[in-house]
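Chain A is the first sequence line, chain B the second, and so forth, proteins listed ahead of strands; every chain is numbered from 1. For clarity, every value in this text was computed on a predicted model and none was experimentally measured.
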Number of protein chains: 2
Amino acid sequence: MGKRVRREESLSRDRIIAASIALLDSRGEDGLTFRALSERLATGAGAIYWHVENKGDLLTAACDAVVARTMAPCAAGASPEDTIRALALGLFDAIDAHPWVGSTLTRAAGQAPMLRIVECLGQQVRALGLSDEDQWTAASALLHYILGVAGQNAANTQFARAHDIDRSDFLGAMATVWSQLDPNEYPFTRSVASRMREHDDRADFLAGVDLILGGIASRRGR
Amino acid sequence: MGKRVRREESLSRDRIIAASIALLDSRGEDGLTFRALSERLATGAGAIYWHVENKGDLLTAACDAVVARTMAPCAAGASPEDTIRALALGLFDAIDAHPWVGSTLTRAAGQAPMLRIVECLGQQVRALGLSDEDQWTAASALLHYILGVAGQNAANTQFARAHDIDRSDFLGAMATVWSQLDPNEYPFTRSVASRMREHDDRADFLAGVDLILGGIASRRGR
DNA sequence: ACCTGAACACCGTTCAAGT
DNA sequence: ACCTGAACACCGTTCAAGT
């Protein structure tokens with residue numbers, strides 16, 4: 001029993017990355033293990049190290065594969081603002097579908113996936129007609145905002161998974177806790193609890209992007 | 001040899017948290033271990049579990065201790081905008097001093113430290129005189145931007161530490177890589193490489209906050 | 001009530017040995 | 001060149017046993 005199935009294709013970096021993505025998607029961030037991975041690939045743990053430097057490398061590569069797909073249609077025909085919105089939403093949706101991308105992105109400072117995002121965003125920001133310094137400010141503000149949302153989304157999903165509850169149930173429970181806070185100590189949080197329950201993550205995310213775009217526009221207009 | 005020193009004070013949650021912060025500061029995120037902690041506290045691993053639920057709980061508590069200090073002067077006399085700037089900078093500096101706070105914050109969705117930040121920011125946003133919906137949008141945009149920067153800062157420091165190089169050397173090396181990218185594939189990133197080398201993290205962070213505040217102001221003015 | 005520390009069930013990574 | 005899989009040095013967490 002449990003006799004290991006002999007694999008058909010030979011091992012390769014791409015097959016390892018594909019299997020990692022599948023594992024990450026189905027079992028969450030903690031689900032990616034060299035043991036689980038080598039079982040799925042019908043090989044030994046050491047074989048994986050022939051194609052991959054270490055776990056961090058593997059995670060970054062998996063993240064990059066998803067980000068590359070998402071950022072592929074980098075240059076659209078629309079206005080820079082609309083393209084930025086589309087890019088941001090694409091990233092949001094990708095992270096929503098693969099929460100582990102959010103947390104991996106956070107840890108992949110200055111690596112391939114981040115480069116892709118910086119470049120795509122930057123090209124559109126550049127088309128906005130700002131000074132060099134404002135370009136840098138605008139691009140990094142957008143980037144950091146997106147990464148912030150990405151990280152939070154990933155954390156929410158991960159928490160819900162770890163406690164084996166539905167993501168929206170988790171947010172609902174959070175709203176309930178918030179609404180019961182001491183009104184003297186937490187007036188704002190309390191007042192915003194009901195909005196937290198019914199809010200639309202995606203719409204709120206886009207509203208934040210628009211806020212930053214608005215800030216950029218008002219700088220340009222000075 | 002290595003005879004363990006008998007501790008003088010009795011164990012308590014606060015002492016455990018203080019020791020955790022010291023460990024995290026001196027040895028980085030991976031330095032916090034139940035083994036290292038129990039050695040430093042001259043006790044057994046199990047004893048710690050009497051006062052603390054698990055490692056996540058410990059990390060969140062340590063994070064909360066730092067955030068609480070930082071957010072203490074929540075209500076200043078200045079204008080809401082200036083107070084928001086001060087709060088954001090305070091958080092930036094705290095995370096700069098304790099990089100692990102950045103990554104812990106990211107994973108502590110909806111928990112105590114996050115609540116403090118939301119409340120402090122929210123109170124100032126509220127004083128800005130926006131509609132309820134705009135308040136929510138503004139507060140969460142600011143929060144996510146701050147968290148995004150926090151996460152990146154933490155990642156940069158962690159990476160530098162792991163590779164045993166100076167943080168600024170790391171950023172310098174990144175700038176060099178960027179400046180050597182293919183100008184056809186990465187025109188923006190390449191053009192911005194020199195700025196990356198000489199930039200001031202803190203000033204850039206504040207410029208981003210100002211951009212968001214500008215976006216808020218322009219919405220209010222409509 | 002609080003502490004001890006061995007034991008358990010995992011990890012990522014390495015490496016001699018095979019093909 | 002590529003793969004095997006046992007072994008190593010760690011983890012977080014538990015728990016019977018002590019005080």
Side-chain angles (χ1 to χ4, degrees), chain A residues 2-20 23-24 27-63 100 103-104 107-108 158-159 161-164, chain B residues 1-21 23-24 27-63 100 103-104 107-108 158-159 161-164:
Chain A
K3 187 78 185 301
R4 195 162 287 172
V5 181
R6 190 104 209 108
R7 69 166 174 283
E8 263 118 62
E9 307 168 68
S10 73
L11 214 50
S12 72
R13 194 167 212 267
D14 283 347
R15 279 195 68 229
I16 292 172
I17 291 169
S20 299
L23 223 35
L24 254 359
R27 300 197 210 168
E29 252 186 282
D30 298 338
L32 180 63
T33 286
F34 278 86
R35 278 163 182 80
L37 194 55
S38 54
E39 190 178 356
R40 204 178 185 108
L41 290 168
T43 182
I48 297 171
Y49 277 89
W50 183 261
H51 300 274
V52 143
E53 219 164 312
N54 52 40
K55 191 170 180 182
D57 177 33
L58 181 55
L59 230 21
T60 303
C63 178
W100 52 272
S103 29
T104 305
R107 272 175 266 121
Q158 167 119 14
F159 187 94
R161 175 191 282 272
H163 293 67
D164 211 29
Chain B
M1 82 197 73
K3 189 78 185 303
R4 198 163 286 172
V5 180
R6 190 106 207 104
R7 69 169 172 281
E8 263 116 64
E9 307 167 70
S10 73
L11 215 50
S12 72
R13 194 168 212 266
D14 284 347
R15 280 195 67 230
I16 292 172
I17 292 170
S20 301
I21 292 175
L23 224 35
L24 255 0
R27 298 197 212 168
E29 252 188 283
D30 297 338
L32 180 63
T33 285
F34 277 85
R35 279 165 181 79
L37 194 54
S38 54
E39 190 179 355
R40 202 176 186 111
L41 290 168
T43 183
I48 297 171
Y49 277 89
W50 184 261
H51 301 274
V52 142
E53 221 164 308
N54 51 41
K55 190 169 181 181
D57 177 33
L58 182 55
L59 231 21
T60 304
C63 178
W100 53 272
S103 30
T104 305
R107 273 176 264 121
Q158 167 117 18
F159 188 93
R161 176 192 280 274
H163 293 68
D164 210 29

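- Distance from the side chain of B:R35 is smallest for D:dG12 among the nucleotides C:dT13, D:dG12, D:dC3.
- Each of B:L32 and A:G46 has a nearest nucleotide on DNA chain D; the 5'-most of these lies closest to A:G46.
- Distance B:I48 CD1 to D:dC15 C1': 16 Å, rounded to the nearest Å.
- Taking atom CG of A:D30 as the reference point, atom C1' of D:dC11 lies 13 Å away to the nearest angstrom.
- In plain terms, the two heavy atoms of B:R27 and B:A36 that are nearest each other are NH1-CB, 3.9 Å.
- Listed here is the closest heavy atom pair of A:L24 and A:A62: CD2-CB, 4.4 Å.
- Taking atom CD1 on B:I16 and atom C1' on C:dC2, their separation rounds to 11 Å, with Å as the unit.
- Atom CG of B:L37 and atom P of C:dC3 are 13 Å apart (whole Å).
- Salt bridge A:E29/B:R107: absent, no basic N to carboxylate O contact under 4.0 Å.
- Of the P atoms belonging to C:dC2 and D:dA17, the separation is 22 Å, rounded to the nearest Å.
- Near-neighbour residues of DNA chain C inside residues 49-61 of chain A, defined by a heavy atom below 4.0 Å, number-ordered: A:Y49, A:N54, A:K55.
- The shortest heavy-atom contact between A:Y49 and A:N54 is CE2-CA, 4.1 Å.
- When every heavy atom of B:L59 is checked against every heavy atom of B:T104, the shortest pair comes out as O-CG2, 3.6 Å.
- Pairing of C:dC8, defined by two Watson-Crick or G-U wobble distances under 3.5 Å, is identified with D:dG12.
- Contact check for B:L32 versus B:L58: side-chain heavy atoms found under the 4.5 Å cut-off.
- Side-chain N/O atoms of A:T33 include one lying less than 4.0 angstrom from OP1 or OP2 on C:dC11.
- Across the protein-nucleic acid pair, B:R13 atom CZ and C:dC3 atom P stand 14 Å apart, rounded to whole Å.
- Searching all strands for a Watson-Crick or G-U wobble partner of D:dC3 with both distances below 3.5 Å returns nothing.
- Distance A:F34 CZ to C:dA9 P: 23 Å, rounded to the nearest Å.
- Closest non-hydrogen pair, B:R13 versus B:A61, comes out as NH1-CB, 3.8 Å.
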